[in-house]
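Report on one structure; see the data block that follows.
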Amino acid sequence: MLKQEYTITVYTENQIGLLNRIAIIFSRRKINIESLNTSPSEVDSVHRFTIVINETEDVVKKLCRQIEKQVEVLKAYYNTQEEIVWQELALYKVPTDVIAEEVKVERLLREHGAKAVVIRKDYTVFEVAGHREETDNLIKVLEPYGLIEFVRSARVAIIKNSDGFHEKLKEFEHREPGEDAIENEYLAKKDEVFSM
Amino acid sequence: MKAETETFEKIKTPQKSESSIPPLGGVGGAVAVMEALVAENVETIFGYPGGAIMPIYDALYDYNEKLKHILVRHEQGAIHAAQGYARVSGKCGVVFATSGPGATNLVTGLADAMIDSTPVVCITGQVFAHLLGTDAFQETDVINITTPVTKWNYQVTDATEIPVVLAKAFYIAKSGRPGPVVIDITKNAQLQKFDYKGYEKCEHIRSYRPKPIIRKKFIEEAAKLINGAERPFVIFGQGVILGKAEKEFKKFIEKAGIPAAWTILGMSAIPTDHPLGVGMLGMHGNYGPNVLTNECDVLIAVGMRFDDRVTGRLDKYAKQAKVIHLDIDPAEIDKNVKATVPVWGDCRETLPLLTELIEQKVYPQWLQRFRDYMQKEEDKVIKEELNPSGDTLTMGEVIRELNELTKADAIIVTDVGQHQMVACRYAQFNKTKSNITSGGLGTMGFALPAAIGAAYGDPSRPTVAIIGDGGFQMTLQELGTIMQFKPNVNIIILNNNFLGMVRQWQQLFHENRYSFVDITSPDFVQVAKGFGIPGKSISKREDIKPALKEMLDNNGSYLLEIMVGKENNVFPMVPQGRGVSEIVLSKEEL
């Protein structure tokens, strides 16, 4: 199985120490976390982790089960790039004089979908929200003009094929939770396996 | 003078409090801890006091009648004792330790309890909340240190949280796949008075599903596979014992007529002489179950997790078989071995459903193959181990004599190494929860403290700790606990004057280069004597039986050292990196 980029979405309780509990699931297996974001979710009081890693599906599936095993985790999903809508936010600080003199600022803003967040005499801060290559592109453009600072946020992602967590949460709150199918590769190929 | 006498009297006989809940001014956090323990039916606590847990020990002073506290000699001893207690009694072990070094000394036991799924609640003291993060005296980041080795942990900084958090702690430790929980309580929270509203047991946590839903479809598919099988094979682990499903399991295999082999922790779930019991799996398990794992057509795994010591090389493990995996922990399904049919759920609930759907069957020829392999193992290994022809004593013959004397009724607690493998290969059991050992973590030093806990867990049966000369020296301070509290622990040291298992590997796989395995020992009998424990050391065959008898008949604890052959090896063996069917019966076959 090939390694590829997976985005893991974890719905959790808001609990001190849970970030560590989740992070060490990866570090214990020497898996690098490419990006990690914590935020509120569509449901009040439920938190949402968005974690990006490069791994095989087999490994990602096992990681999700280990994550779900944590007491304060409600649910973990994993998705490929195609299955999500995602954004990252980047900020670029550049010297205002150089930029004003040498760069066609208007073109830059248009081509890269950038916004000027702050314009001061000494420096200007641009902002771009987009995919990795889009934010990377602007670094290349700005580097020759003396890019002073660059920072990019963790990924946030929406799962295309998700109805949100409102309904799911009801199941969790119910004392006898409803049926929750866990995929199994053999069951998907049932006809091959159960032909006795 | 008078005041002094009073204090002295008070020390001699802890006063029983009139009412456990003071009526006015609220209840201190420490008292709320006691109330929680009483409400959870805790009877025995293993612990060691210190600065940051003093308010809890102060409250304990008034609960002396309801809660028995065993003062150990090292916190590692406390948690291993709690593990032994939990494993034998089926209840939750409870540990008290102070902050800093007290808490860090628990870590090995937590890791052990985590990997062997043992329910233990550890309550650790912590510095005052306002001192957190200041490098205060005996301050350690206990929550973060213990996170990877606990099922759940939580730091309490406000007393009002105590009842709810402890209720959660016990619920989480015991339910689903059990495990250790650490509750770290800051000293201010222990001292803080608050409006105590009583204790309510926890029965539900919304983000926590102790048991997965049972899906009928998979039970039916599993039954179909079993009914169509020609060479089915059941392998089972501690899940059967933890799920209190021994009866259900026995009914299942008896109706199905399927041979069943146990993992080291599953051992004793069915009597070792059960006609369908075909022995132990794994690196030093029995010959037949290992070889035939690779010949069965349907492999039914019940409450076990396919540890690498059981599977050997995974790409050579049961590749021909369709696998049915019953487990309460969804993360175990497909973790190491892909399941053809996963049966999520508590095996106490899933096994009867499965038993219902399977046909009553027998597999005489298939079972005979296990017996044939057992005969081969008997001829090549067991005979010489249990009835040796040479002069030096073997560990196996000690176990054989012990079996005869205890009539398979004893609780056997083993440490880690050669003696552990020999004891688990040859010990006989007719009661469940009888084989206590450190399976997953392989913690040397486990046995002595765990045996103390086991003796409290079920005082009605003899507890026999079987320990090597190396492991005994790791936690022998717990002889002091035995001296003071007098649990009835029979200690057998199988002394081969070596760190035997490492020596065996150095002999077999490192060209006889014996690197630091030559361990010297003190005079164990004299050491025991120093702790007021009688004992004896023997090295002659004819002394084994009378000495064991003397030990078992002795009222109170006893230490028996038996000098065994220095360079005996444990066989059969699945060499590391080989498949289970490549198991060898002797050095020559390697």
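Within every chain, numbering begins at 1; the chains are lettered A, B, ... in the order of the sequence lines, protein sequences first and strands thereafter.
Residue Lys160(A) places its NZ atom among more than 12 non-hydrogen atoms of other residues, nucleotides or ligands, all under 6.0 Å distant. Annotation: Lys201(B), atom NZ; neighbour count of heavy atoms from other residues, nucleotides and ligands within 6.0 Å is above 12. Summarising the local packing, CG of Asp315(B) is surrounded by more than 12 heavy atoms from other residues, nucleotides or ligands at distances under 6.0 Å. The environment of CG in Asp122(A) is crowded: more than 12 heavy-atom neighbours from other residues, nucleotides or ligands sit within 6.0 Å. Atom NZ of Lys361(B) sits in a crowded spot, with more than 12 heavy atoms from other residues, nucleotides or ligands closer than 6.0 Å. Open room surrounds CD on Glu230(B); 12 or fewer heavy atoms of other groups in view lie less than 6.0 Å from it.
For a residue to count as touching a neighbouring chain, one of its non-hydrogen atoms must lie under 4.5 Å from one of that chain's; by this rule Val73(A) touches chain B with the backbone only. Only the side chain of Ile172(B) comes within contact range of chain A, with at least one heavy atom under 4.5 Å from a heavy atom of that chain.
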Exercise for the section: May I have the step-by-step check of side chain to side chain contact (heavy atoms under 4.5 Å, CB included) for Tyr154(B) and Gln15(A), ending in yes or no? Expected result: CA-CA 10 Å; Tyr154(B) 190 83; Gln15(A) 180 82 55; 2.9 Å; yes
Problem - Asp334(B) and Arg65(A): CA distance, side-chain angles, deciding distance, side chain to side chain contact (heavy atoms under 4.5 Å, CB included) verdict - result: CA-CA 10 Å; Asp334(B) 291 353; Arg65(A) 289 200 185 154; 4.0 Å; yes
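In this structure, the separation between OG on Ser207(B) and CD on Glu173(A) is 10.5 Å, given to the nearest 0.5 Å.
By the 4.5 Å heavy-atom criterion applied to side chains, Arg209(B) and Glu171(A) are counted as neighbours.
A salt bridge links Glu13(A) to Arg206(B): one of the charged nitrogens lies within less than 4.0 Å of a carboxylate oxygen. Asp58(A) has a carboxylate O that lies under 4.0 Å from a charged side-chain N of Lys338(B), or vice versa, which qualifies the two as a salt bridge. A salt bridge is defined here as a Lys NZ or Arg NE, NH1 or NH2 lying under 4.0 Å from an Asp or Glu carboxylate O, and Asp329(B) with Lys69(A) meets this definition.
Residues of residues 19-26 of chain A having a heavy atom under 4.5 Å from any heavy atom of chain B, listed by number: Asn20(A), Arg21(A), Ile24(A).
A donor atom on one side chain and an acceptor atom on the other are not found under 3.5 Å apart for Trp152(B) and Gln70(A).
Most heavy-atom pairs under 4.5 Å with chain A, from the set Ile205(B), Asn153(B), Ile143(B): that is Asn153(B).
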